[in-house]
Number of protein chains: 2
Amino acid sequence: MARIAVVEDDSWMREELMDILQKEGFEAVAITDFHDVVAQMATLAPNLVLLDINLPGPSGFEICKSLKSKGIGPILMLTSRDKLQDELHGLHLGADDYLTKPCNRDRLLARIQNLLRRFERQPDLIDGGSFSLDPNTFTLYKGSESLLLSANEGKILLALAQHKPEVVSKSTLSEILWGTDQYIDENALQVNLTRLRKTLRQLGLEDQIETIRGKGYRLRGQEKP
Amino acid sequence: MARIAVVEDDSWMREELMDILQKEGFEAVAITDFHDVVAQMATLAPNLVLLDINLPGPSGFEICKSLKSKGIGPILMLTSRDKLQDELHGLHLGADDYLTKPCNRDRLLARIQNLLRRFERQPDLIDGGSFSLDPNTFTLYKGSESLLLSANEGKILLALAQHKPEVVSKSTLSEILWGTDQYIDENALQVNLTRLRKTLRQLGLEDQIETIRGKGYRLRGQEKP
DNA sequence: AGAACACTTACAGATGATGTAAGGAAAGTT
DNA sequence: AACTTTCCTTACATCATCTGTAAGTGTTCT
């Protein structure tokens with residue numbers, strides 16, 4: 001779960017925020033020492049910073065600026081002053097989003113979720129040699145074409161690509177598909193293999209999956225010059 | 001479609017690459033003047049750079065370094081020297097991926113597609129007030145919960161969120177759902193609306209959609225303090 | 001009260017995912 | 001060569017989901 005740093009001096013407001021975040025399953029960390037926020041953040045490595053503007057000592061704007069210069073973010077600015085001027089100023093200094101207090105719980109969470117997703121590192125595609133595969137959506141890419149695999153096809157192909165160049169045993173695949181290697185439904189696995197092969201053929205990917213008789217399957221290497 | 005800059009001195013190889021890329025639907029641009037590659041790139045704004053290491057004049061490594069320093073990328077390095085040393089060197093200077101010549105057409109395309117997706121700007125979620133919506137997958141987020149909408153539900157909610165705070169007429173929604181505003185299937189639209197409302201309720205999002213009698217629908221504002 | 005509009009629910013067809021079953025092909029064994 | 005084991009393919013049935021149709025109910029306006 002994401003870690004969120006809460007930089008807010010008003011203790012009531014801070015507790016309120018922490019409460020909302022923790023109930024939502026976030027790992028919320030309160031920052032109450034405003035002297036060296038940047039250094040604290042560096043070790044904390046939060047996934048998101050909730051930053052109040054009105055702080056004793058350095059203003060939120062300054063902190064925002066220095067956090068951004070260190071590549072720390074995303075930053076969601078909190079302020080009770082709902083003047084457009086401030087908003088522009090804040091965004092200009094690098095805040096990624098902006099929220100005025102008091103704010104609705106749902107609205108706060110929606111903004112946070114939004115920012116987290118926007119800054120979430122896009123998971124790398126799995127490189128299968130002559131194709132690539134999005135491990136989350138099971139979308140198969142070859143050149144500029146793409147195809148959405150069914151769940152079973154995706155699981156099998158992902159397993160093969162991740163284990164490449166080793167052979168993946170039937171019991172392993174069985175476990176991946178049905179969560180058990182005790183009872184191997186060889187037939188069902190076989191049928192799903194056939195389906196996957198047919199789907200691969202639709203993208204011009206012939207002969208990707210090599211059968212190792214008695215051992216299992218593996219992705220065919222494409223490396224030979 | 002993505003624009004790809006091909007920086008390669010060997011004319012045969014360059015034509016080959018251009019051919020592959022163009023047949024795949026990419027907008028391929030050949031760079032043959034190696035003096036001021038960075039400046040050319042800046043105006044070209046390619047989505048990806050195919051960069052050969054062995055260039056007359058400045059080495060591919062140097063170009064790679066300066067391109068990266070300008071934030072231009074992703075860069076896919078091409079080389080005929082398949083020594084690990086070079087690879088490490090190249091990646092260290094900022095190349096995002098690395099390919100040895102000669103290379104398989106499919107492998108080249110897979111790598112390109114991979115890089116393009118990795119560096120693709122993640123589309124922002126649509127902010128619906130107390131929820132957010134991924135306009136591509138029609139995934140609905142509220143706090144840390146999420147829900148996958150059906151196509152029709154997604155289209156309607158997206159339209160409402162994008163037009164917010166304006167009212168979206170039934171004929172507009174009809175056009176969005178079925179590509180025509182000539183014949184409004186009011187009943188079907190109504191049913192889909194009901195389904196969407198029920199789905200929203202599953203996430204605790206009550207009363208999001210406001211009916212403007214005789215005009216259409218709109219997202220209810222959440223701004224009142 | 002009546003009419004127009006909005007909402008809900010139940011039903012059915014279409015589609016897609018997936019397991020079952022049966023038969024055929026290929027490879028290894030005797 | 002005949003047999004056995006393993007693998008592949010196809011057809012079918014089931015199940016879930018999506019979505020439009022239809023009918024009935026509720027709400028608002030005049």
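Treat the numbers as computed from the prediction; the structure is a model and nothing was measured. Chain identifiers are assigned alphabetically (A, B, ...) following the order of the sequence lines, protein sequences preceding nucleic acid strands; residue numbering begins at 1 within each chain.
Here the P atom of nucleotide C:dC7 and the CZ atom of B:R201 are 11 Å apart, to the nearest Å. Taking atom CZ on A:R195 and atom P on D:dT9, their separation rounds to 12 Å, with Å as the unit. Between B:L189 atom CG and C:dC7 atom P the separation is 10 Å, expressed in whole Å. Between A:L193 atom CG and C:dT18 atom P the separation is 14 Å, expressed in whole Å. Summarising the geometry, the separation between CG on B:L173 and P on D:dG20 is reported as 13 Å, rounded to the nearest angstrom. For the pair A:L196 CG and C:dT18 P, the interatomic distance rounds to 12 Å; values are reported in whole Å. To the nearest angstrom, C1' of D:dC18 lies 14 Å from CZ of B:F138. In this entry the distance linking NZ of B:K198 with C1' of C:dC7 reads 12 Å, nearest Å.
Side-chain nitrogen and oxygen atoms of A:Q190 include none within less than 4.0 Å of the OP1 or OP2 phosphate oxygen of D:dC7. For C:dT18, neither phosphate oxygen OP1 nor OP2 lies less than 4.0 angstrom from any side-chain nitrogen or oxygen of A:W178. Residue A:S150 has no polar side-chain atom (N or O) positioned under 4.0 Å from OP1 or OP2 of C:dG16. An OP1 or OP2 oxygen of C:dG19 is reached within less than 4.0 angstrom by a side-chain nitrogen or oxygen of A:N192. At D:dT6, none of the side-chain N or O atoms of A:K170 fall inside 4.0 Å of OP1 or OP2 (strictly under the cut-off). Residue A:T211 places at least one side-chain N or O closer than 4.0 Å to OP1 or OP2 of D:dC8.
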Listed pairs, N/O of protein and of nucleotides 21-24 of chain C, under 3.5 Å:
{"residue": "C:dA21", "atom": "N7", "partner": "A:N187", "partner atom": "ND2", "Å": "2.9"}

Between the protein and nucleotides 27-30 of chain C, list the N/O to N/O atom pairs that are separated by less than 3.5 angstrom.
none

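Among B:V168, B:L160, B:I156, the single residue meeting the side-chain contact (heavy atoms from CB on, under 4.5 Å) criterion with B:Y217 is B:L160. Just one of B:L200, B:L196, B:D134 meets the side-chain contact (heavy atoms from CB on, under 4.5 Å) condition when paired with B:L140; it is B:L200.
Here A:I31 contributes atom CD1 and A:L51 contributes atom CG; the two are 10.5 Å apart, rounded to the nearest 0.5 Å. For the atom pair A:L203 CG and A:L147 CG, the distance stands at 5.0 Å (nearest 0.5 Å). Separating the CZ atom in B:R3 from the CG atom in B:L116 is a distance of 12.5 Å, to the nearest 0.5 Å.
In terms of modelled atom types and a separation under 3.5 Å, the side chain of A:R220 and the main chain of A:D207 share a donor-acceptor contact. A:R195 contributes no side-chain N or O that, together with a main-chain N or O of A:E153, makes up a donor-acceptor pair within less than 3.5 Å. Between the side chain of A:N47 and the main chain of A:I4, no donor-acceptor pair closer than 3.5 Å is present. Counting only distance, with no hydrogens or angles, the side chain of A:N192 and the backbone of A:A188 share a donor-acceptor pair below 3.5 Å. Side-chain atoms of A:R197 come within 3.5 Å of backbone N or O of A:I209 as a donor-acceptor pair.
B:K215 comes within 4.0 angstrom of nothing in the nucleic acid, heavy atoms only. Residue contacts shown for B:R197 are limited to sugar-phosphate atoms, with no base heavy atom under 4.0 Å away. In this structure, B:T194 reaches the bases: a heavy-atom distance under 4.0 Å links it to at least one base atom across the strands shown.
When side chains are defined from C-beta on, B:L17 counts as touching B:L78, because their heavy atoms get closer than 4.5 Å.
Nearest nucleotide to the side chain of A:Y217, out of D:dC8, D:dG20, C:dG19: D:dC8. The side chain of A:E186 approaches D:dC7 more closely than any other nucleotide in the set D:dC7, C:dT18, C:dA6. Side-chain atoms of A:D185 lie closest to C:dT20 of the nucleotides C:dT20, C:dT18, D:dT21.
In this structure, A:L149 and A:A188 both approach DNA chain C, and ranking their closest nucleotides by distance from the 5' end singles out A:L149.
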